[in-house]
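To start, the structure itself, in structure tokens.
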Amino acid sequence: INAEYMGTMLQEALAKNDSTVYACKLQVAIFSGLVAGILSFTHVSGFVFYVCCSLLCSLELVTIKATGSPAAYFPALFSVVWNGFLQGLMTYILFWTLSYNAVHIFSS
């Protein structure tokens, strides 16, 4: 097997790992947004809840999926934490406001 083929395979594996991180962060954003709305988090507490959930997801990916050695699966540890953070934030806000309104405003 030549080095060019191995480099291509490595790039494909890293891209797949990044897409897995993105998918996990998106699911966490949806679920945590629903929970934050139901628990009626408002203002800063809602954003702190999202940051905590996102960091917990990153920690879980590093310790469980990457078996404690993220350097073998990701180009940098920072990419696990930051990948999908802002996109997840927009999804989180959508589900947070939707569930908050559905539970606390429209049910009154």
Side-chain angles (χ1 to χ4, degrees):
I1 299 176
N2 63 15
E4 183 179 325
Y5 177 74
M6 290 301 290
T8 303
M9 292 297 292
L10 179 63
Q11 290 300 320
E12 289 175 7
L14 288 175
K16 176 143 178 35
N17 292 343
D18 277 343
S19 69
T20 302
V21 169
Y22 180 76
C24 289
K25 292 276 185 96
L26 193 61
Q27 292 173 359
V28 166
I30 291 169
F31 181 71
S32 60
L34 290 172
V35 169
I38 291 170
L39 295 177
S40 71
F41 289 153
T42 56
H43 305 294
V44 176
S45 64
F47 289 107
V48 170
F49 183 70
Y50 172 70
V51 169
C52 290
C53 288
S54 182
L55 289 175
L56 188 65
C57 178
S58 299
L59 181 66
E60 180 182 1
L61 286 169
V62 167
T63 57
I64 295 173
K65 292 297 253 182
T67 61
S69 60
Y73 299 96
F74 304 104
L77 183 60
F78 181 73
S79 69
V80 179
V81 175
W82 188 249
N83 187 14
F85 183 81
L86 292 179
Q87 295 87 351
L89 180 62
M90 296 300 121
T91 304
Y92 171 80
I93 291 171
L94 173 71
F95 281 90
W96 177 22
T97 56
L98 178 71
S99 62
Y100 182 85
N101 290 336
V103 172
H104 300 288
I105 294 177
F106 296 137
S107 65
S108 298

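For the pair H104 (side chain) and G37 (backbone), a donor-acceptor distance under 3.5 Å is present. A donor-acceptor pair under 3.5 Å is formed between the side chain of Y92 and the backbone N or O of G46. At least one donor-acceptor pair under 3.5 Å links the side chain of W96 to the backbone N or O of F41. The backbone N or O of Q87 lies less than 3.5 Å from a partner atom in the side chain of T91, making a donor-acceptor pair.
Applying the side-chain contact (heavy atoms from CB on, under 4.5 Å) test between F74 and each of N17, N83, V81 identifies N17 as the sole match.
Nearest heavy-atom pair, C53 versus V28, reported as atom, atom and distance to 0.1 Å: O-CG1, 3.8 Å. Heavy-atom minimum distance, L14 versus Y73: CD2-O, 3.3 Å. A36 and F49 get closest at one heavy-atom pair: CB-CD2, 3.8 Å. The two residues K16 and S19 have their closest heavy-atom pair at O-OG, 2.8 Å. Pairing each heavy atom of S99 with each of G33, the nearest pair is OG-O, 3.3 Å. In this structure, G88 and Y50 approach most closely via the heavy-atom pair C-OH, 3.2 Å.
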Kindly determine whether F47 and L89 satisfy side chain to side chain contact (heavy atoms under 4.5 Å, CB included), including the steps that lead there.
CA-CA 9 Å; F47 289 107; L89 180 62; 4.0 Å; yes
Go through S58 and K25 one step at a time and tell me if the side-chain hydrogen bond (donor to acceptor under 3.5 Å, both in side chains) criterion holds.
CA-CA 8 Å; S58 299; K25 292 276 185 96; 3.1 Å; yes
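Taking CG of N101 as the reference point, atom CZ of F106 lies at 5.0 Å (rounded to 0.5 Å). Rounding to the nearest 0.5 angstrom, the gap separating the OH atom in Y22 from the CD atom in Q27 is 11.5 Å. Rounding to the nearest 0.5 angstrom, the gap separating the CG atom in L34 from the CG atom in L98 is 7.5 Å. Here CG of L56 is found 10.5 Å from OG of S32. Values are rounded to the nearest 0.5 Å.
Under the 4.5 Å side-chain contact rule for hydrophobic residues, I38 and I93 do not share a cluster. Hydrophobic clustering places L86 together with L55 (ILVMFWY residues linked when any side-chain heavy atoms are closer than 4.5 Å, directly or through intermediates). M90 and F31 fall within a single hydrophobic cluster, where Ile, Leu, Val, Met, Phe, Trp and Tyr side chains are chained together by heavy-atom contacts under 4.5 Å.
Between F78 and W82, the ring planes lie parallel to each other; the angle is under 30°, not in the 30° to 60° tilted range.
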